[in-house]
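Note sheet for the following structure.
Proteins get letters first, then strands, A, B, ... in listed order; numbering begins at 1 in each.
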Amino acid sequence: MSDLWRYAFVQQALLVGVITAVVAGCVGLFVTARSMSFAVHGLAEVGFTGAAAAVFFGLPPSLGVLATTCAAALAIGALGVRLRERDVAVGSVMALGTGLGVLFLTLTPRYATEAYGILFGSILAVTRQDVIRSALVGAVALLALAVIYRPLRFASVDPDVAEARGVPIRVLSAAFLLILALAVAEAVQVVGVLLILTLLIVPAGAAQRLTVHPGRALAYSVLIALGATLGGLACAVSTGWPVSFFVSALSFTAYLLARLYAHLHAGPRWAPRRGRDTPPSRAAAR
Amino acid sequence: MTPAVWLEHASLRLGGRTVWEGLSLTVPGGECLAVLGPNGAGKTSLLRVLLGLQPLSGGRVRVQGRPPRRGDASIGYIPQQRAVEPDLLVRARDLVAFGLDGHRWGLALPRRETRRRVDEMLAFVGAEHFADAPAGRLSGGEQQRLRIAQALVGDPAILLCDEPLLSLDLPSQQAIVQLVTAWRRRRGATVIFVEHDINPLLGAIDRVLVLARGRWAVGPADEVLTEGTLSRVYGSPVDVLRLHGRVVVLGAEIGGHEPLPAAPAVER
């Protein structure tokens, strides 16, 4: 089994896995903070259309995913002005996209293999070019996230005050949607369209249960995503079962353990809501 | 001296409805003003105008001698209370730190100076013992202390509070008013309170602005909260009772959250 790691395709898979896990771990924390699971799923399904179209025209599917998720992010950003409208905007774009995807796939020979790869991930089939593109896309996503990190956190947690303090809320929303589109395009390669949340929600959700410290949460989220992806690859290579199954199983296990930890440790410490307030004088005396 | 806030013949129309018009108001630096009025009278909109988030439909407005602009660091703002979501990944101290540098680009790397000022503010509002707790798990009163710390940590010259006492119990209300008053006296700053109940504020304010049905009145509480003035502003008979130092207004909704029927624009 150890011989397998010498193969180029396994090494390439590892590289793409590492890049994707880091990006997904970082972006995921904002997905949970901004309650954008539905947008993630919507972007992924639109990515499915792009992949299907790319296959139909004889292009690499991952390129199609990237192009359509970015286009969809711009469209959602333009349509979904108010938060309440966003679900409808995402849903509408998503429904059309998926329908088109089905059409493209049916028109394509080798329909089943391609569809399987897009829907459930095809990390063991990534090429050298895919690695380079993943690295570039990942670097852009992380760099952009670093630039908007602080105001985005402010706007996600406390939009009213952030707006008053001059934070450009709408620009940040649109920018984050684009970053999310890049992250989705990365993650689709690893776990596929249908399992996208396993990398973009679950590790962040687990990290959130472990700490409220923002820096530590980021570290835990990335580590859990890395563990699930690399562990998933290792299990898949040695058993021959699908990678995405193991990635989702591992990240879900991490989530369960994190919840258990929160229940045992952090829970009771802050859980009892103080009914009454402590006046400043008494608070200072503590 | 340049007044902290100055409005001249200011009017505001939203969605074809006149919210208020002909509003002329000078708030000198260091004054504490309470803004009262029924829901929909444009109290929050007035704050949004001062924050540069809402342009006037007519008239002029100056904040410290300048037209309002978004992100003015000399204004602290406490928005209408909305509970922080329980699962949100934010500590009490993070919320306060946002008030200092949340609007700056880049990563939020820990800085000693930021930490010192945040700690100082947390201590001022009596929040040091829950500084590292998840903000969403704190009580309403505790969260409101954090809001005050967040608004004051940047050392503003003007503090705008939008119903900061809403849904707080009486001791918490008193604690919040005391905190803001203590800060105002120390800093010599201007405070504008939008409130639904004047009573918790009576000892802390200099003047009252009442907005209702497009009209307004401003002056000391004893002069404005009278049957004559309120009946004129509301356009219907209003009774005012004073009981044990408390003011009770009957026949008009002075604040609260029942939607009023849209009043037609009234010529003044």
Inset, instruction - Just give me the residue among A:Ala162, A:Pro151, A:Ser35, A:Ala217 that pairs up with chain B most often, heavy atom to heavy atom, under 4.5 Å. - result: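 Sorted descending by pairs with chain B, the first entry is A:Pro151.
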Legend entry - Distance-only polar pair, side chains of B:Thr2 and B:Arg62, donor-acceptor under 3.5 Å: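 No donor-acceptor contact under 3.5 Å links the two side chains.
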Contacting region of [X] [heavy-atom separation from chain A under 4.5 Å]:
X	value
B:Arg69	neither
B:Leu107	both
B:Gln150	side chain
B:Leu168	neither
B:Arg93	neither

If you count heavy-atom pairs under 4.5 Å between each of [options] and chain A, which one has the most?
options	answer
B:Gly99, B:Gly52, B:Ala135	B:Gly99
B:Gly76, B:Pro79, B:Gly106	B:Gly106
B:Leu88, B:Leu51, B:Val84	B:Leu88

Legend entry - Test applied, side chain to side chain contact (heavy atoms under 4.5 Å, CB included); reference residue, A:Cys70; option that passes from A:Leu182, A:Leu180, A:Val184: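 The passing option is A:Leu182.
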Inset, instruction - Look at atom CZ of B:Arg70 and say whether more than 12 heavy atoms of other residues, nucleotides or ligands are closer to it than 6.0 Å. - result: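 Yes.
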With a 4.5 angstrom heavy-atom cut-off, which part of [X] approaches chain B: side chain, backbone, both or neither?
X	answer
A:Leu145	neither
A:Thr211	backbone
A:Asp160	both
A:Leu152	neither

Inset, instruction - Assign the ring pair A:Phe30 / A:Tyr149 to parallel, tilted or perpendicular, where the plane angle (0 to 90°) is split at 30° and 60°. - result: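 If you compare the ring of A:Phe30 with that of A:Tyr149, the planes turn out perpendicular.
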Legend entry - Aromatic B:Phe130 / basic B:Arg145 pairing, under 6.0 angstrom, 45° off normal: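 So B:Arg145 doesn't make the cation-pi contact.
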Inset, instruction - Begin from the C-alpha positions of B:Ser172 and B:Gln144 and carry the test side-chain hydrogen bond (donor to acceptor under 3.5 Å, both in side chains) through to its verdict. - result: CA-CA 9 Å; B:Ser172 298; B:Gln144 206 57 352; over 6 Å; no
Legend entry - Pair B:Asp101 + B:Arg117, salt bridge at N-O below 4.0 Å: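 Answer for the salt bridge query: no.
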Legend entry - Under-4.0 Å salt bridge between B:Asp162 and B:Lys43: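 No salt bridge links B:Asp162 with B:Lys43.
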Legend entry - Exercise: identify the closest heavy-atom pair between A:Ala187 and A:Thr20: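 Shortest heavy-atom contact: CA-CG2, 3.5 Å.
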